[in-house]
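The chain is numbered in sequence order, starting from 1. Atoms within a ligand are numbered from 1 in the order they appear, just like the ligands themselves. All heavy atoms count here, side chains included; hydrogens, waters and symmetry mates do not.
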Amino acid sequence: MSLQAGDTFPSLTLKILGDKGPEDVTTDSLLSGKKVVLFAVPGAFTPGCSNTHLPGFVMKADEIKARGVDSIICTAVNDAFVMGAWGKAQNADEIIMLADGLGELAKAAGLDQDLSAAGLGVRSQRYAMIINDRKIELVNVDAKGVDKTSAETLLAAL
Ligand code: BEZ
């Protein structure tokens, strides 16, 4: 069963690339007392995620935050070095690049997928959430494309 609106976001310790290397960060510290848009992608630097999905959130970050969102989080089953490099390459200064290197979040959310056939192994599905003080208010999942999980769609839902 995957996470649904009304559920509490899982408490996990993941990684973010800091100035001196990967740092632990808890989902509780990222989400407690905050309104957050979180989106998950199958892989950093993959074409759909790099050409469309993340750039949309980079472009719309100010508009999203103007609707009362404290933080925008992008996560993928990639290590903190890759997530940090991807955020830098995309000028994603306003987006928290959250590394789910072991796939713990994707699995806890029930939103993992096996992309072994493409050589990627177990990854996250493409999904987006609106989360308020750890409570999930909206979950959209895209099996293909980015229509339901785009920055524009999330902006319209806020
Ligand atoms: C993408 O371009 O978004 C993509 C490519 C391969 C696997 C998953 C996603």
Side-chain angles (χ1 to χ4, degrees), residues 1-5 7 9-10 12-18 21-23 25 27 30-31 35-65 67 69-131 136-158:
M1 181 74 179
S2 61
L3 288 177
Q4 304 291 320
D7 291 342
F9 199 87
L12 294 166
T13 301
L14 301 172
K15 302 270 188 199
I16 287 181
L17 188 64
E23 295 171 359
V25 64
T27 54
L30 291 170
L31 303 175
K35 186 157 189 173
V36 173
V37 166
L38 179 146
F39 67 103
V41 302
F45 292 104
T46 59
C49 309
S50 261
N51 297 337
T52 309
H53 209 180
L54 177 55
F57 280 93
V58 171
M59 274 195 302
K60 299 281 184 193
D62 287 342
E63 278 182 73
I64 289 171
K65 289 184 177 177
R67 300 225 178 151
V69 170
D70 297 296
S71 335
I72 303 169
I73 299 174
C74 174
T75 187
V77 182
N78 288 114
D79 65 68
F81 295 106
V82 168
M83 290 302 282
W86 191 36
K88 195 170 177 189
Q90 295 269 337
N91 296 312
D93 305 329
E94 292 198 64
I95 297 178
I96 296 170
M97 303 300 289
L98 180 64
D100 181 23
L102 303 177
E104 295 161 280
L105 172 55
K107 287 174 197 156
L111 289 165
D112 53 317
Q113 62 174 333
D114 187 355
L115 293 179
S116 294
L120 280 78
V122 174
R123 295 297 180 110
S124 179
Q125 293 181 39
R126 193 184 301 281
Y127 67 88
M129 294 180 177
I130 297 171
I131 307 162
I136 298 167
E137 293 184 340
L138 175 87
V139 186
N140 283 355
V141 180
D142 272 315
K144 271 191 179 178
V146 299
D147 288 353
K148 295 180 197 155
T149 60
S150 69
E152 289 82 358
T153 299
L154 272 285
L155 195 53
L158 284 164

For ligand 1, what N or O to protein N or O distances fall under 3.5 Å?
residue: ligand 1; atom: 2 (O); partner: Pro47; partner atom: N; Å: 3.3
residue: ligand 1; atom: 2 (O); partner: Gly48; partner atom: N; Å: 2.7
residue: ligand 1; atom: 3 (O); partner: Thr46; partner atom: OG1; Å: 3.4
residue: ligand 1; atom: 3 (O); partner: Gly48; partner atom: N; Å: 3.3
residue: ligand 1; atom: 3 (O); partner: Arg126; partner atom: NH2; Å: 2.9

Inset, instruction - Give every residue pair that meets the side-chain hydrogen bond (donor to acceptor under 3.5 Å, both in side chains) criterion with at least one member in residues 72-89, sequence neighbours excluded. - result: Ser50-Trp86
Legend entry - Polar side-chain atom of Glu137 near backbone of Ile130 as donor-acceptor pair, under 3.5 Å: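 Not a single qualifying donor-acceptor pair exists.
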Legend entry - N/O donor-acceptor pair under 3.5 Å between Asp112 side chain and Arg123 backbone: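 No: the side chain of Asp112 does not pair with the backbone of Arg123.
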Inset, instruction - To the nearest 0.5 Å, tell me how far Thr13 OG1 sits from Glu23 CD. - result: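 Reported value, rounded in 0.5 Å steps: 13.5 Å.
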Inset, instruction - Name all residues meeting the side chain to side chain contact (heavy atoms under 4.5 Å, CB included) criterion together with Asp70; count only those two or more places apart in sequence or in a different chain, and write none if there are none. - result: Lys34, Lys35
Legend entry - Set of side chain to side chain contact (heavy atoms under 4.5 Å, CB included) partners for Asn140, sequence neighbours left out: Leu138, Lys148, Thr149, Thr153
